[in-house]
Peer 1: 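The following block contains the structure, expressed as structure tokens.
The model shown is predicted, which means the values in this text are computed figures rather than measured ones.
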Amino acid sequence: MKKALLLATLIGPAVAMAQNNNAPSSYDPHDIKITGYLQTQFQKAQSPGITSFSGGDFSKNSDNRFMIRRGRLKIDRVDTYSSIVFQLDATQDGVQLMDAFIQLRHPSQKGLSLTAGLFNRPFGYSIVYSSGYRDFPERARVFQTLMPRERDLGGMVSYHPGAKMKFLNLDLALVNGSGHSAKDYDSKKDLIGNLGFKFDSLADKRLQLGFGGSFYKGSVRNDTKTYYTAIANGYTAHTSDDNEGKAIGRNYYGANFQIELDNSFGKSSFKTEYVAGDQPGVAGGADIKGPYASRSFTTQPATDLYQRKFNGYYLWFTQEIAKTGVTALLAYDVYDPNTKASGMTIGMPDNFTADGDVKFSTLGYGVAYQISNRLKLTVYNEHVTNEKTSLKNFSDDLKDNVFTTRLLYRW
């Protein structure tokens with residue numbers, strides 16, 4: 001038992017560091033270190049060709065598939081004053097750059113760091129939390145929509161003091177706003193701020209508590225003479241020559257909370273995050289499927305913009321089953337891209353509502369089995385529900401549930 005406790009004490013900080021994508025494997029000076037993980041999975045959809053936020057859309061004539069969800073290779077190096085992180089993602093779709101950043105830190109001020117390059121947007125809790133450690137297969141729909149692939153290019157100042165203030169984490173970043181795989185398409189930059197608190201030694205070290213708040217302040221360039229703003233049960237159009245090149249506000253505000261209790265039956269955890277604000281999108285329809293109409297842009301949108309009031313949240317609950325290595329998973333998330341319109345008002349004549357205004361909710365449940373400290377099996381089902389509207393494509397609930405069996409190996 002003493003050896004187990006000593007091992008947990010030694011590897012605990014390293015595990016915590018690895019869970020944060022915006023950090024090397026360890027800040028202890030070291031030469032090149034290679035880490036990573038592989039997620040291979042089989043999925044069964046309720047019907048062929050569905051739009052899915054569980055690893056991407058299914059092919060037109062397919063309702064099941066084998067795939068490599070993530071194949072991450074992370075290389076990092078740390079010296080006295082600087083560190084570098086370089087991460088690739090290799091799947092059946094090819095190889096993509098995921099992280100590439102340099103961090104500067106002074107030995108006398110280790111809590112203060114400057115990051116420059118491609119890194120995770122420091123918004124909230126789940127965005128920067130590594131998919132190699134997350135209990136649930138995917139992030140909530142709302143975050144996949146607002147911040148697809150999580151990363152962006154820019155610079156960030158972080159403050160995470162030690163000693164008596166180790167519970168505090170502060171980040172402020174200036175980014176392109178166009179995402180991880182694109183150069184900026186206008187001259188505007190977006191500002192992201194995050195303030196987090198984490199207490200991990202409460203109740204005789206059996207209780208962990210975390211909470212925080214975030215903001216995102218940016219814009220999207222309008223490329224036409226018309227844009228729309230949401231009003232009750234529809235939109236109002238704004239048409240003027242001056243609207244071409246106008247910056248349409250992209251503003252988010254979020255709050256998050258986490259609690260974990262180590263009890264006699266096993267660890268119980270509850271995590272939740274809420275985000276709301278303004279999201280510029282497009283109408284949605286034949287060219288862009290409804291669920292993607294409010295997704296953040298990587299290139300200049302060519303059609304009229306629709307500025308929507310949105311909100312979304314997730315609730316994640318996990319329960320370890322004694323000492324079996326099995327953890328029960330239960331999740332619920334909601335994304336409403338347009339809080340000003342709902343139900344049968346969406347798709348009514350002359351109110352400009354379309355596929356991009358439909359609300360979705362997802363109930364997920366399953367189990368994860370930690371076979372070893374490197375190997376984990378997850379079996380998970382997602383029941384996806386959309387609101388019924390006057391639109392032909394969303395007159396009833398779509399048959400878009402997804403069942404996933406995943407095997408993860410981490411090194």
Peer 1: Regarding Lys388 and Asp396, does a basic nitrogen lie under 4.0 Å from an acidic carboxylate oxygen?
Peer 2: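 A salt bridge is present here (some side-chain N lies under 4.0 Å from a carboxylate O).
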Peer 1: Just by distance, do the side chain of Arg134 and the backbone of Pro137 share a donor-acceptor pair under 3.5 Å?
Peer 2: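 Side chain of Arg134 to backbone of Pro137: a pair is present.
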Peer 1: Kindly assign one of parallel, tilted or perpendicular to the pair Tyr306 and Tyr228, based on the angle between their ring planes and the thresholds 30° and 60°.
Peer 2: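 Geometry flag for Tyr228 against Tyr306: parallel rings.
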Peer 1: Counting the benzene-type ring for Trp, do Tyr252 and Phe310 have ring centres under 6.0 Å apart?
Peer 2: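 For Tyr252 and Phe310, the ring centres are under 6.0 Å apart.
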Peer 1: Between Phe270 and Phe317, is the gap from one ring center to the other below 6.0 Å?
Peer 2: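 Ring-ring flag for Phe270/Phe317: false, centres at least 6.0 Å apart.
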Peer 1: If only atom types and distance count, is the side chain of Asp171 paired as donor or acceptor with the main-chain N or O of Asn194 below 3.5 Å?
Peer 2: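 Between the backbone of Asn194 and the side chain of Asp171 there is no qualifying donor-acceptor contact (under 3.5 Å).
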Peer 1: So, does Ser296 use its side chain to make a donor-acceptor pair with the main chain of Leu146 at under 3.5 Å?
Peer 2: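 Side chain of Ser296 to backbone of Leu146: a pair is present.
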Peer 1: Salt bridge or not between Arg141 and Asp333? Use side-chain N to carboxylate O under 4.0 Å.
Peer 2: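 Judged by the 4.0 Å cut-off on N to carboxylate O distance, Arg141 and Asp333 do not form a salt bridge.
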Peer 1: Give, for atom CZ of Phe257 and atom CG of Leu209, the distance between the pair rounded to the nearest 0.5 Å.
Peer 2: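 Between atom CZ of Phe257 and atom CG of Leu209 there are 5.0 Å.
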Peer 1: Hey, what do you get for OH (Tyr409) to CD (Gln39), rounding to the nearest 0.5 Å?
Peer 2: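 Answer for the OH-CD pair, Tyr409 versus Gln39, is 14.5 Å.
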Peer 1: Charged N to carboxylate O under 4.0 angstrom, Asp242 versus Lys225?
Peer 2: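 Result for this pair is no, no salt bridge flagged.
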Peer 1: For the atom pair NZ (Lys44) and OG (Ser62), what is the distance rounded to the nearest 0.5 Å?
Peer 2: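 Those atoms lie 9.0 Å apart.
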Peer 1: Quick check: do Tyr335 and Ser294 have side-chain heavy atoms less than 4.5 Å from each other?
Peer 2: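 They are in contact (side-chain heavy atoms under 4.5 Å apart), so the answer is yes.
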Peer 1: So, taking the atom named NE2 in His383 and the one named CD in Gln46, what distance separates them when rounded to the nearest 0.5 Å?
Peer 2: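 His383 atom NE2 to Gln46 atom CD measures 7.5 Å (nearest 0.5 Å).
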Peer 1: Can you name the closest pair of heavy atoms from Gly132 and Leu408 and give their distance?
Peer 2: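 That would be O-CD1, 3.8 Å.
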Peer 1: For the pair Asp89 and Arg72, find out whether any cationic side-chain nitrogen is under 4.0 Å from an anionic carboxylate oxygen.
Peer 2: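 Salt bridge: yes.
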Peer 1: Give the intermediate values and the outcome of salt bridge (charged side-chain N to carboxylate O under 4.0 Å, His left out) for residues Asp184 and Lys189.
Peer 2: CA-CA 8 Å; Asp184 203 355; Lys189 297 294 178 283; 2.8 Å; yes
Peer 1: Look only at the side chain of Asn351 and the backbone of Thr353, and say whether a donor-acceptor pair between them is shorter than 3.5 Å.
Peer 2: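 Yes; at least one donor-acceptor contact below 3.5 Å.
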Peer 1: Verify salt bridge (charged side-chain N to carboxylate O under 4.0 Å, His left out) between Lys74 and Asp99, making sure each step is shown before the conclusion.
Peer 2: CA-CA 8 Å; Lys74 182 176 181 178; Asp99 296 297; over 6 Å; no
Peer 1: Quick one, His238 and Asn243 - any side-chain contact, counting heavy atoms below 4.5 Å?
Peer 2: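 Contact flag for His238/Asn243 side chains = yes.
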Peer 1: Just by modelled atom types, is the Arg406 backbone N or O under 3.5 Å from a matching donor or acceptor in the Thr378 side chain?
Peer 2: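 Between the backbone of Arg406 and the side chain of Thr378 there is no qualifying donor-acceptor contact (under 3.5 Å).
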Peer 1: For residues Gln92 and Phe66, determine if any side-chain heavy atom of one lies less than 4.5 Å from a side-chain heavy atom of the other.
Peer 2: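 SC-SC contact between Gln92 and Phe66 ruled out.
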Peer 1: When you look at Arg77 and Asp31, which way does the salt bridge (charged side-chain N to carboxylate O under 4.0 Å, His left out) test go after all the steps?
Peer 2: CA-CA 5 Å; Arg77 184 185 186 279; Asp31 213 335; 3.2 Å; yes
Peer 1: Apply side chain to side chain contact (heavy atoms under 4.5 Å, CB included) to Phe297 and Ser178, showing your working.
Peer 2: CA-CA 6 Å; Phe297 301 100; Ser178 49; over 6 Å; no
Peer 1: Would Tyr125 and Tyr129 count as a ring-ring contact (aromatic ring centres under 6.0 Å, His included) if you check the C-alpha gap in whole Å, the side-chain angles of each, and the deciding distance to 0.1 Å?
Peer 2: CA-CA 7 Å; Tyr125 174 80; Tyr129 196 89; 5.4 Å; yes
Peer 1: Can you confirm whether or not the ring centre of Tyr37 sits under 6.0 Å from the ring centre of Trp411?
Peer 2: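 No, the ring of Tyr37 stays outside the 6.0 Å limit from the ring of Trp411, centre to centre.
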Peer 1: Could you check whether Arg65 makes a cation-pi contact with Phe42, meaning its NZ or CZ is under 6.0 Å from the centre of the six-membered ring and within 45° of the ring axis?
Peer 2: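 The answer is no, since Arg65 fails at least one limit relative to Phe42.
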Peer 1: Should Phe86 and Asp76 be marked as a side chain to side chain contact (heavy atoms under 4.5 Å, CB included) after you check the CA-CA gap, both sets of side-chain angles, and the distance that decides it?
Peer 2: CA-CA 6 Å; Phe86 190 83; Asp76 66 83; over 6 Å; no
Peer 1: Spell out, as yes or no, whether a donor-acceptor pair under 3.5 Å connects the side chain of Asn263 to the backbone of Gly266.
Peer 2: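 Such a contact is found between Asn263 side chain and Gly266 backbone.
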Peer 1: Any chance you could lay out the ring-ring contact (aromatic ring centres under 6.0 Å, His included) test for Phe199 and Phe167, step after step, and finish with the verdict?
Peer 2: CA-CA 6 Å; Phe199 303 90; Phe167 58 83; 5.0 Å; yes
Peer 1: Between Glu150 and Asn21, is a side chain to side chain contact (heavy atoms under 4.5 Å, CB included) present by the stated rule, with each step listed?
Peer 2: CA-CA 10 Å; Glu150 300 87 49; Asn21 276 328; 5.9 Å; no
Peer 1: Does the side chain of Val275 reach to within under 4.5 Å of the side chain of Asn311, using non-hydrogen atoms?
Peer 2: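 Side chain of Val275 against side chain of Asn311, heavy atoms only: no contact under 4.5 Å found.
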Peer 1: Distance check, rounded to the nearest 0.5 Å: Leu391 atom CG versus Ile346 atom CD1?
Peer 2: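 The CD1 atom of Ile346 is 7.0 Å from CG of Leu391, to the nearest 0.5 Å.
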Peer 1: Should the ring pair Tyr332 and Tyr313 be called parallel, tilted or perpendicular, given that the plane angle runs from 0 to 90° and is split at 30 and 60?
Peer 2: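 Correct class here is tilted.
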Peer 1: Would you mind telling me which of Glu382, Arg69, Gln43 makes a side-chain hydrogen bond (donor to acceptor under 3.5 Å, both in side chains) with Thr404?
Peer 2: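 The side-chain hydrogen bond (donor to acceptor under 3.5 Å, both in side chains) with Thr404 is passed solely by Gln43 among Glu382, Arg69, Gln43.
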Peer 1: Between Arg250 (side chain only) and Gln279 (backbone N and O only), is there a donor and an acceptor less than 3.5 Å apart?
Peer 2: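 A pair under 3.5 Å: no.
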Peer 1: Counting distance only, does the side-chain N/O of Glu387 pair as donor-acceptor with the main-chain N or O of Val358 below 3.5 Å?
Peer 2: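 No, because the side chain of Glu387 does not come within donor-acceptor range (under 3.5 Å) of the backbone of Val358.
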Peer 1: Evaluate the side-chain proximity of Thr51 to Asp400: yes if any heavy-atom separation is below 4.5 Å, no if none is.
Peer 2: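 No, side chains not in contact.
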Peer 1: Could you tell me whether Lys198 and Asp200 make a salt bridge, using a distance below 4.0 angstrom between a side-chain N and a carboxylate O?
Peer 2: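 Judged by the 4.0 Å cut-off on N to carboxylate O distance, Lys198 and Asp200 do not form a salt bridge.
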Peer 1: Does a donor on one side chain and an acceptor on the other come within less than 3.5 Å for Gln319 and Ser268?
Peer 2: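 Short answer, yes.
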Peer 1: Which is it for Tyr314 and Val334 under the side chain to side chain contact (heavy atoms under 4.5 Å, CB included) test, yes or no, and what are the steps along the way?
Peer 2: CA-CA 6 Å; Tyr314 66 80; Val334 172; over 6 Å; no
Peer 1: Apply salt bridge (charged side-chain N to carboxylate O under 4.0 Å, His left out) to residues Glu138 and Arg70 and explain how you reach the verdict.
Peer 2: CA-CA 11 Å; Glu138 305 296 341; Arg70 296 176 180 90; 2.8 Å; yes
Peer 1: Nearest 0.5 angstrom please: Ser54 OG to Asn381 CG, how far?
Peer 2: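 Rounded to the nearest 0.5 Å, the OG-CG separation comes out at 9.5 Å.
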Peer 1: Is Gln258 reaching over with its side chain to a backbone N or O of Ser269, donor-acceptor style, under 3.5 angstrom?
Peer 2: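 Looks like no, no N/O pair under 3.5 Å.
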Peer 1: Using atom types as modelled and distance alone, determine if a side-chain donor or acceptor of His180 lies under 3.5 Å from a backbone N or O of Met98.
Peer 2: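 Pair absent, no side-chain N/O of His180 close to backbone of Met98.
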Peer 1: Quick one: are Thr272 and Asn256 in side-chain contact, heavy atoms under 4.5 Å?
Peer 2: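 Heavy-atom side-chain distance check fails, nothing below 4.5 Å.
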Peer 1: State whether Arg308 and Asp357 are salt-bridged, where the test is any N-O pair (Lys NZ or Arg NE/NH1/NH2 against Asp/Glu carboxylate O) under 4.0 Å.
Peer 2: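 A salt bridge links Arg308 with Asp357.
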Peer 1: How about Tyr253 and Phe215: are their ring centres within less than 6.0 Å of each other?
Peer 2: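 Distance test on ring centres: not under 6.0 Å, no.
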Peer 1: Hey, does Arg105 have a side-chain heavy atom less than 4.5 Å from the side chain of Leu112?
Peer 2: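 Sidechains of Arg105 and Leu112: no contact.
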Peer 1: I'd like to check Arg149 versus Gln96 (side-chain heavy atoms, cut-off strictly below 4.5 Å). Are they in contact?
Peer 2: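 Of all side-chain heavy-atom pairs linking Gln96 with Arg149, at least one is under 4.5 Å.
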Peer 1: Would you please indicate if the ring centroids of Tyr292 and Phe53 are separated by under 6.0 Å?
Peer 2: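 Yes.
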Peer 1: Got more than 12 heavy atoms from elsewhere within 6.0 Å of CE, Met348?
Peer 2: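 No, the 6.0 Å shell around CE holds no more than 12 heavy atoms from other groups.
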